[in-house]
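Protein chains get the first letters and strands the later ones, always in sequence-line order, with residue 1 at the start of each. Bear in mind the structure is a predicted one, so any value in this text is a computation, not a measurement.
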2 protein chains.
Amino acid sequence: MEAVPRKTTIREVAQAASVGIGTISRVLNSSSQVSRETRARVLEAIRRLGFRPNAQARRILKRRAEMVCFLLSNRDFLHPFHARILQGVESYASGLKQHVLFAALHYSPRTPPDRIDLPPVLQEHGLIDGLILAGTIYPNLLRRIESINMPFVAFSNNVVGMGDEEQFDQVGFDDFNGTLHATRHLIGKGHRHIVFAADVSYPWLRRRFEGYRQAMRENKLKHVLITSRNPQSFVDFGQKSAGRILSRQPRPTAAVAGNDEIAYGLWRSLRRQGVKVPDDISLVGFDDREEAVLMDPPLSTVRVDKEEIGETCMKMLLERLHHPRMTFSQRILPTEFVIRGTVRQL
Amino acid sequence: MEAVPRKTTIREVAQAASVGIGTISRVLNSSSQVSRETRARVLEAIRRLGFRPNAQARRILKRRAEMVCFLLSNRDFLHPFHARILQGVESYASGLKQHVLFAALHYSPRTPPDRIDLPPVLQEHGLIDGLILAGTIYPNLLRRIESINMPFVAFSNNVVGMGDEEQFDQVGFDDFNGTLHATRHLIGKGHRHIVFAADVSYPWLRRRFEGYRQAMRENKLKHVLITSRNPQSFVDFGQKSAGRILSRQPRPTAAVAGNDEIAYGLWRSLRRQGVKVPDDISLVGFDDREEAVLMDPPLSTVRVDKEEIGETCMKMLLERLHHPRMTFSQRILPTEFVIRGTVRQL
DNA sequence: TTAGGGTGTGGAACCAGTTCCAAGGATTTT
DNA sequence: AAAATCCTTGGAACTGGTTCCACACCCTAA
């Protein structure tokens, strides 16, 4: 490897400006008082030499990397959903001169914690100050992270199999109230036979189901859960569910999908069978993905502000870094039902 | 801010193992020969003290951050397309113990280079070794990057307004041959009246248009470019183009869309007007986005391997870092036409 | 026995910053 | 006029690694 050209150092700047190295440092950190003339002379020397302070050296002393890691776990790819969270993290972070490192991890929920092979960032220390966990989170990963004493905040909607005794910082959105409001909206539009389509073995879909059930119960309506066998994907789940919905007697007038992908699958399959949305059946989704607007008609769905999730994660992580012994907190961000074109008045 | 607990240092480990600090370093870097017994004693001490070497300190000496920045410029959000490139970068990088920092930047093509406000990562030095530029790249940004002497590789398909004299490392995919093959495929299926829909003021769409034109020319067919006024987005562009396509005499039997979003808009608008794809008109896209498979019927399109782009960018950047004076190179990755359901045999 | 070579090891010097103490000079107080 | 205080400033010491030189030790050859 060829030698990297040496960069200007603080000592050379000090020489050039005929001051001591301490003064340069003081100017850089705009901290304690430096006389107007000295400061000007130093700044001029910095400009002239094109000096940019070395980040690593500062960090050793500061004991802060000013960097956090966004760790995406067990996702085959960086979905727009998580991409938006990442963006929320980044935009908030960069305003505070914090950097965001991106890393991915694949692990099995059954691997013992100490056998989980963490990404390189987490193997050295001092590289990052903390961690934002996104993607599916099983208890063994939490154990592993705790074992290296790395402060972290988890995006909690995809946390699986955690007991109530678990204590860690988390940010999530309100699954329950999301479907509660969506379902109430359908009921308000005169719908009585409303089904819910999702695989409720996922904790977050289970919570959404509970929100739907709550709305049905408070209106003394019967709840119906539609599932399908061996789906290849959520879209496929939706497609396979369509037939089951249509075969019910009496035929449901509306369906609440566990997420937008299921809603898409449903819509596509219904349309193929000549069933029109919303004329023949109303449909609502959850998540408000990009594709929701592109559906025809555009999908009424529960909006989740993904960037706000990211921003809140970052905010909470910084608080944790500043106050390591602060008690753990959990933030649930509200969701919003967005009315588009897939619900009709009965 | 509370004090961060001091971590174990190499000197403490040396003390514990009753060896010198140099020996610890040698063990850590598994470099020169250390006797079997000494190595075992050191490793035992490291384990017992839970020692993890400080990354920053090493980097000062090594003059390498082992970190690169993925800079997304002028994108309102991290599209799946770029997300996949990022993933390609990350997965290749992490295998080589390199880290990937994510940053975003918004700038105007008209801002003078020295006025472009770079993200914090690029303001200090030593934090990253190099840069991968994704998103729209105008000459002023290149000038700015060059001014801080930061090695970089650009994803070249979105480079705008660059003369031929521009020299920098770039990785892109083959716009021209993509549409060339797609159009040839349509011609092979018996189509003669084929239009191309896109705003060719984008250089990459212009290249795709040229590929289409080449295929038409070599078959002595007339090329037709469809554009539309003041589109809100690519999808909108597609929607607005549908009418223009249908009003042509004789009516085209196939359309090549500049990208999948335009294809989606076209498809949606055509369907609304009762025109069936592919029965009444065949359609091909470009990019092979996630949505392409979800369209009904799924879209025949030109696949671009985004992760390979990311991987190649990272590979090229590492080469550049190892050989700073190497001549600049440009890699064009091949594309592949994917046959799905939107083209019919005439 | 001595010279020569190879291996293993200790630790000073170094990297590029920050911190802090001491000290110089100016200004104010006594 | 002397003492006290404040504002600036210089630079040694420090951070936590790596590098390199010196040296001890062992083995072999002359």
To the nearest angstrom, the NZ-C1' distance between A/K62 and C/dT19 comes to 10 Å
Check whether any side-chain N or O of A/S35 sits under 4.0 Å from OP1 or OP2 of D/dT9, and answer yes or no.
-> yes
Mind calculating the distance between CD (A/E12) and P (C/dA16) to the nearest angstrom?
-> 8 Å
Round to the nearest Å and state the distance from B/I60 atom CD1 to D/dT18 atom P.
-> 11 Å
Return yes if a side-chain donor-acceptor contact under 3.5 Å exists between B/R75 and B/T136, otherwise no.
-> yes
Choosing from C/dT9, D/dT8, C/dG17, which nucleotide comes nearest the side chain of B/T38?
-> C/dT9
Looking at the side chain of A/T23, which of D/dG10, D/dG16, C/dG17 is the nearest nucleotide?
-> D/dG10
Flag the pair A/R59 and B/E124 as a salt bridge only when some basic side-chain nitrogen lies within less than 4.0 angstrom of an acidic carboxylate oxygen.
-> yes
Output yes when at least one side-chain N/O atom of A/R63 is less than 4.0 Å from OP1 or OP2 of D/dG16, else no.
-> yes
Nearest whole angstrom, please: distance from the P of C/dG17 to the CD of A/E66.
-> 14 Å
Between B/L61 (CG) and C/dA12 (C1'), how many Å, whole number?
-> 14 Å
Under a 4.0 Å N-O cut-off, is there an ion pair linking B/K315 with B/E319?
-> no
To the nearest Å, give me how far apart CD1 (B/I10) and P (C/dA12) are.
-> 15 Å
Does OP1 or OP2 of C/dC15 have a side-chain N or O of A/N54 closer than 4.0 Å?
-> no
OP1, OP2 of C/dC15 versus side-chain N and O of A/T9: anything below 4.0 Å?
-> no
Does one side chain, of A/R41 or A/T38, offer a donor that lies under 3.5 Å from an acceptor on the other?
-> no
Please say which of B/L142, B/I145, B/N157, B/V160 ends up in a side chain to side chain contact (heavy atoms under 4.5 Å, CB included) with B/I137.
-> B/L142
Determine the contact category for A/R59: base if any of its heavy atoms lies under 4.0 Å from a base atom, sugar-phosphate if only primed atoms, P, OP1 or OP2 are that close, otherwise nothing.
-> nothing
Whole-Å distance between D/dT9 P and A/Q15 CD?
-> 18 Å
Candidate nucleotides C/dA16, C/dG10, D/dG16, ranked by approach to the side chain of B/R26 - the nearest | C/dG10
How close or far is atom C1' of D/dT15 from atom CD1 of A/I21, stated in whole angstroms?
-> 13 Å
On DNA chain C, more 5' by nearest nucleotide between A/R11 and B/R41 is B/R41
